[in-house]
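Notes for the one structure printed next.
Not measured: the values here are computed from a predicted model.
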Amino acid sequence: MNIFDLYLEKIIKIVKEANQNKTIEIPEMLNGINVDIPPTQFNCDISTNVAMVLAKPNKKSPIDIAKHLVDLIKKSDDQIEDISIAKPGFINIKFKKSFWNIFLKELIFEGKNFGTNKKITKKKYLIEFVSANPTGPLHVGHCRGAILGDVLSNLLLFNNHNVSKEYYVNDYGNQILHFSKSVYFRIREIVYNETFPINNSDLYPGDYVIDIAKNIIKNNKDLDFDNFEKISSKLTKLSVEESLKLIRFNLKNLGIIHDKFIRETDIVNNKEVEKTISKLKKNNFVYEGKIKAPENEKTSHWTERDQLLFKSTDFGDDKDRALQKADKSWTYFASDVAYHNNKLERKYDILINILGADHAGYIKRITSVVEAISGKKNKLICKVSQLVKLIKDNKPFKMSKRKGDYITIEDLIDEVGKDATRFIMLNRSSDVELDFDFTKVKEKSRENPLYYVQYCYTRISSVFRNVGKKISDDIKIKDYKFNYTDKEIKILKKISEWPRCIEIASSKLEPHRIPVYLYELASEFHSYWNMGKEDETKRFITSDKKISDEKLVFLKAVSNVIKSGMKILNVETPEKM
RNA sequence: GCGCUCUUAGCUCAGCUGGAUAGAGCAUCGGUUUUCUAAACCGAGGGUCGGAGGUUCGAAUCCUCCAGAGCGCGCCA
């Protein structure tokens with residue numbers, strides 16, 4: 001039950017009826033009208049701007065319109081205790097206490113589905129995220145996008161959409177070649193006692209490559225490591241699979257499981273690139289042409305030549321994009337074009353890509369491709385997650401591939417924990433750079449917002465435990481005729497904002513709103529809890545170790561919302577801490 | 001040079017599908033514990049929402065310009 005939507009509908013109905021009775025003029029579009037949360041000092045529950053929106057078409061002051069509407073609203077609804085007008089024309093509504101009983105009854109009935117958006121139609125989503133090169137384990141830099149993608153899919157699932165999570169494995173091209181060469185040199189180091197060419201900056205020097213080399217030697221006794229060319233393709237495959245093992249392990253420890261891993265080599269080997277390009281050629285989106293050197297400083301080595309280009313300038317990109325390299329092999333972009341065609345052929349309604357900030361410049365061309373193939377705009381939504389600035393011992397911590405100097409996901413999980421990592425990474429808008437202070441998060445774990453929210457759930461659990469009940473048990477109440485106090489209603493109001501939080505978070509793809517909301521709810525609850533210290537009537541458990549239905553329902557409502565929010569974030573809600 | 005993102009309290013950030021007197025946490029200062037778990041609570045101080053215009057009844061929120069910060073601008077992935 002979304003009370004804001006409920007009252008918006010009621011008000012629009014009233015306005016339309018008034019229009020039919022010729023007492024009010026309405027504009028063509030009524031979407032400027034909204035029902036909102038009023039500022040706390042007004043002592044009311046919801047407010048609407050309807051009078052201000054209607055002022056102009058009626059050529060009357062908002063206050064006059066409001067006066068007219070207030071009567072109509074009051075007449076049509078028996079749950080309103082007080083309805084008033086505030087400058088410059090807001091209509092403020094305060095509900096009777098019985099309204100909150102209706103609300104709670106509905107909430108308990110909906111159970112864990114409370115908050116799901118019922119207005120939307122079910123869609124099929126494909127969300128691609130992480131997709132880090134399979135050249136080693138994930139590091140902290142990958143972490144934010146991984147968690148963002150995971151929680152977005154949970155959020156969409158919560159709203160009953162169909163969601164498929166995919167990882168695109170870039171196992172084709174130069175970087176992979178360098179990687180498998182690195183593995184090869186590590187193998188030679190082990191087998192023939194040769195020194196690893198540490199000064200070759202193309203190679204991956206990290207220690208994990210040694211482990212990968214060892215594994216490959218152990219499991220492939222029949223392989224002849226004498227000549228790289230001979231075993232290159234086999235070795236590449238083995239190296240990639242070893243990397244993927246590491247990556248899957250990292251993701252699992254973060255609580256993330258993808259539905260599918262799609263390999264770039266499969267796309268290329270299945271001739272999907274040719275297929276897609278010829279499709280685009282037919283529609284004149286692909287042609288042979290030259291591109292100009294980029295305008296930044298290092299242009300001296302640039303040679304212009306004819307090559308296959310995608311006409312992304314047709315879609316507002318600043319230059320057309322190359323599909324083929326000089327050696328006629330496909331560019332990264334070309335196989336990604338084919339991959340997106342592959343996605344579209346699988347008939348998803350919406351595609352979502354989660355990208356790191358360093359790939360933001362790629363968005364224009366890939367959305368252009370999807371538009372070119374599907375003929376539709378906004379079929380692909382790209383969501384960028386900004387950088388995580390790591391801070392350790394009060395200094396920015398720079399990771400270096402060269403030195404193999406990383407903070408890996410395992411380090412992070414060992415030291416900070418999966419839940420805290422997830423919560424902190426999600427607690428900020430993905431548009432903003434995130435300071436992740438390794439030392440602080442570790443030391444001051446008590447100040448961590450995760451525990452603040454979890455503690456709220458723990459406190460509620462302890463009440464249930466103390467009266468011999470379980471927090472997970474369903475509760476059955478015959479009549480909802482409770483007389484909640486102002487403080488309790490304040491918390492119920494916060495709970496009533498939950499469906500709205502979900503709605504905005506999912507429509508804008510901004511999951512950070514969930515931890516922010518949960519923190520606020522927890523804060524209200526802790527405040528209430530502490531009132532019980534001074535005033536025994538405010539405690540949940542009476543002196544004879546019982547709890548009233550009234551308090552039971554109240555606690556159930558709070559814990560339901562915390563539980564479903566934390567479930568979307570995929571963090572634990574322990575009953576004891 | 002061009003593109004994307006950001007700029008809100010001392011610090012880290014919410015708030016942005018336009019609404020009323022702009023909110024948290026940390027830090028600072030002062031209080032609360034024989035208790036349903038103090039991993040908590042209560043109170044105080046702290047603001048030219050980067051700057052300038054514009055749209056609007058109304059702008060932190062939308063538009064334009066400017067400044068600063070970050071990221072990117074390959075035939076790398």
What is the base-pairing partner of B:G1, counting Watson-Crick and G-U wobble geometry with both distances under 3.5 Å? B:C73
P atoms of B:U34 and B:A39, separation to the nearest Å: 15 Å
Using atom C1' in both nucleotides, what's the gap between B:G47 and B:G15 to the nearest angstrom? 15 Å
Separation of the P atoms in B:A52 and B:A59, to the nearest angstrom: 15 Å
Indicate the ring-plane relationship of A:F525 and A:F540, choosing parallel, tilted or perpendicular according to the 30° and 60° boundaries. parallel
Give the B/S/- string for nucleotides 17-23 of chain B, one per nucleotide from 5' to 3', where a protein heavy atom under 4.0 Å of the base yields B, of only the sugar-phosphate yields S, and otherwise -. B-BBS--
Is there side-chain contact between A:Y457 and A:I471, with at least one heavy-atom pair below 4.5 Å? yes
Does A:Y519 have a side-chain nitrogen or oxygen under 4.0 Å from the phosphate oxygens OP1 or OP2 of B:G15? no
OP1 or OP2 of B:A77 less than 4.0 angstrom from a side-chain nitrogen or oxygen of A:K325, does that happen here? yes
When you check every protein heavy atom under 4.0 Å of nucleotides 32-38 of chain B, what one-letter string (B, S, -) results, 5' to 3'? ---BBBB
When all nucleic acid strands are considered with a 4.0 Å heavy-atom cut-off, which category describes A:A357: base, sugar-phosphate, or nothing? sugar-phosphate
With sugar-phosphate meaning primed atoms plus P, OP1 and OP2, does A:H359 contact a base, only sugar-phosphate, or nothing at under 4.0 Å between heavy atoms? base
Could you measure between the two C1' atoms, the one in B:C73 and the one in B:U8, and give it in whole Å? 31 Å
If we ignore angles and hydrogens, is there a donor and acceptor under 3.5 Å between the side chains of A:Y332 and A:Q175? no
Residue pairs passing the side chain to side chain donor-acceptor pair (under 3.5 Å) test where at least one lies in residues 422-434 of chain A, sequence neighbours excluded: A:D150-A:R422
Who pairs with B:A40 - Watson-Crick or G-U, where each distance is under 3.5 Å: B:U32
